[in-house]
Amino acid sequence: MILKNGSVNMNKEEIRSRVCKELRDELGKRYDIEDIRVISYKKNNGVFVEGVSVKLKGCNTMPCVYSEHLDAIRTETELEAVVARLAERFEGAIENALRAQLPTDIDFENSKGRIILSLINYEMNRDRLENCPHIVFNDLAVTFRLLFDIDDSNASTLIDDTIASFWGVGTEELWNIAIENSVRDLPVCIEKLEDVLMRFTGNEVLMDPDEISNPFYIVTNRRLYFGAASILYKDVPADIYENTGCNYYILPSSVNELIIVPENVCDDKQFLKGMVESVNKTLYNRTDFLSDSVYYYDHDEKSISIA
């Protein structure tokens, strides 16, 4: 019901039902829609996201568009705007789904070449980790994901105990496969911080002359996807040491990248921890949070530990 002031007199479930109906009417002009529903999904770090999922007839991929606007609908105009925005975003998502039908057979042989590593926060994901293979790494956890290549976009799913049991593989085998695949398909990228900033801003970055000879570094992978896990690659910690010429601190910028601070540039652990906490407070997406800790690489010990 629409009131005189234009507000929508419906409860939460009725609004979602109305959004699905109108979106189905709109998308149904171009696609054969089997079902549309609002779903809630638990992602990394215990973050719940809500979105709309579309099932297309004859397609085994279900595109989902997440939206934070469903709870903000108060008027008919706002409802129409949300539906229009979702319809526009679904255009690309549906076309990708139709082009990238996923294999119906996800047996181990067909899937093992797409298993990759990821690093996540242990404590914030404790409940999920109870039901999936993982390796504890300081206050983090090494997990395994099945990567889907959809028009060069990054999409993957966490490998849980159900999948691992179906495949008949354990944590050690998943690690051996994932590290090989990650090194091959998600090669490490180590760059000076000022070079990265220059590429994104298009301007030369002015830095203190003392910092130029001992710069900060960014560590990620070529796809900028769960790039923090690249610090686990066999030769990467030692390669960074060769570049910096000394032991170094590792600042977890996000699950996608790390910042390397040479020890001879800054050895103030509390200052560095403050930097990490400050950066984490500005994260747009809380699912990208990795840790507030600062880590230290000791070349003699060949170890990474919390500083």
Side-chain angles (χ1 to χ4, degrees), residues 1-98 100-102 120-121 123-132 143 145-146 148 150 153-158 160-163 254-255 280-289:
M1 178 185 299
I2 304 173
L3 302 182
K4 289 182 178 180
N5 62 2
S7 62
V8 180
N9 186 25
M10 292 186 289
N11 61 33
K12 178 178 177 178
E13 294 307 315
E14 289 172 335
I15 288 175
R16 280 155 177 71
S17 178
R18 172 80 179 279
V19 167
C20 290
K21 178 183 181 304
E22 298 208 0
L23 185 61
R24 182 170 191 156
D25 290 342
E26 180 62 29
L27 295 176
K29 298 174 184 177
R30 296 174 294 283
Y31 305 105
D32 197 354
I33 306 296
E34 184 173 308
D35 186 37
I36 294 182
R37 65 183 62 189
V38 175
I39 64 170
S40 181
Y41 178 68
K42 189 174 184 180
K43 302 189 76 174
N44 191 35
N45 295 329
V47 175
F48 280 90
V49 294
E50 193 173 54
V52 181
S53 176
V54 170
K55 178 70 173 70
L56 302 163
K57 289 184 179 178
C59 180
N60 63 9
T61 302
M62 293 179 62
C64 180
V65 172
Y66 297 108
S67 174
E68 69 279 13
H69 302 293
L70 297 178
D71 284 331
I73 295 174
R74 297 291 182 272
T75 68
E76 183 73 13
T77 299
E78 290 173 347
L79 190 148
E80 292 175 356
V82 169
V83 170
R85 191 180 300 117
L86 286 169
E88 181 179 0
R89 294 177 63 187
F90 264 114
E91 289 285 346
I94 289 175
E95 291 301 324
N96 280 343
L98 292 172
Q101 293 267 21
L102 300 179
I120 62 175
N121 185 278
E123 193 61 37
M124 294 182 70
N125 295 281
R126 182 187 287 269
D127 57 339
R128 299 183 80 195
L129 293 171
E130 289 178 354
N131 300 301
C132 73
T143 56
R145 304 188 70 87
L146 185 61
F148 302 110
I150 303 177
S153 63
N154 295 319
S156 65
T157 188
L158 181 68
D160 60 16
D161 287 342
T162 300
I163 297 175
S254 78
V255 297
N280 283 335
K281 288 178 181 178
T282 66
L283 280 177
Y284 173 75
N285 191 339
R286 290 301 295 172
T287 63
D288 289 340
F289 173 82

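These figures come from a predicted structure and were not determined experimentally.
Note that CD of Glu34 and CG of Leu56 are 9.0 Å apart. Values are rounded to the nearest 0.5 Å. To the nearest 0.5 Å, atom CD1 of residue Ile94 and atom CD1 of residue Ile33 are 5.0 Å apart. Note that the CD1 atom of Ile73 and the CZ atom of Arg18 stand 9.0 Å from one another [nearest 0.5 Å]. The CG atom of Asp71 lies 5.5 Å from the CD atom of Glu50; values are rounded to the nearest 0.5 Å. Note: Asp127 CG to Cys132 SG = 9.5 Å, rounded to the nearest 0.5 Å. Separation of atoms CG (Leu23) and CD (Glu26) is listed at 8.0 Å; rounding is to 0.5 Å.
The minimum heavy-atom distance linking Ile15 with Leu70 is given by the pair CG2-O, 4.3 Å. Of all non-hydrogen atoms in Ile36 and Arg24, the two that sit nearest each other are CD1-CA, 3.4 Å. Across all their heavy atoms, Phe48 and Ser40 have their closest contact at CD2-OG, 3.8 Å.
Here the side chain of Asn44 pairs no donor or acceptor atom with the backbone of Ile120 at under 3.5 angstrom. Side chain of Asp35 to backbone of Lys55: no donor-acceptor contact under 3.5 angstrom is found. With hydrogens and angles disregarded, a donor-acceptor distance shorter than 3.5 Å links the side chain of Arg89 to the backbone of Tyr66. Judged by distance alone, with hydrogens and angles left aside, the side-chain atoms of Asp160 form a donor-acceptor pair with the main-chain N or O of Ile163 at under 3.5 Å.
Taking a 6.0 Å sphere around NZ of Lys21, one finds it holds 12 or fewer heavy atoms contributed by other residues, nucleotides or ligands. In Arg16, the CZ atom is crowded: over 12 heavy atoms of neighbouring residues, nucleotides or ligands sit closer than 6.0 Å. Within 6.0 Å of CD in Glu80 there are more than 12 heavy atoms belonging to other residues, nucleotides or ligands.
Using a 4.5 Å heavy-atom cutoff, the side chains of Glu22 and Leu79 are in contact. Annotation: side chain of Val47 is not in contact with side chain of Phe289 (no heavy-atom distance under 4.5 Å). Side-chain contact check for Val65 versus Val52: every heavy-atom pair is 4.5 Å or farther apart. Side-chain contact between Asn11 and Glu14 is present, with at least one heavy-atom pair separated by less than 4.5 Å.
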Arg85/Glu88 under salt bridge (charged side-chain N to carboxylate O under 4.0 Å, His left out): CA gap, chis, key distance, verdict: CA-CA 5 Å; Arg85 191 180 300 117; Glu88 181 179 0; over 6 Å; no
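Each of Asn121, Thr287, Asn125 was checked for a side-chain hydrogen bond (donor to acceptor under 3.5 Å, both in side chains) with Asn45, and the lone residue meeting it is Asn125.
For Arg30 and Glu95, the salt-bridge test fails: no basic side-chain N is under 4.0 Å from an acidic carboxylate O.
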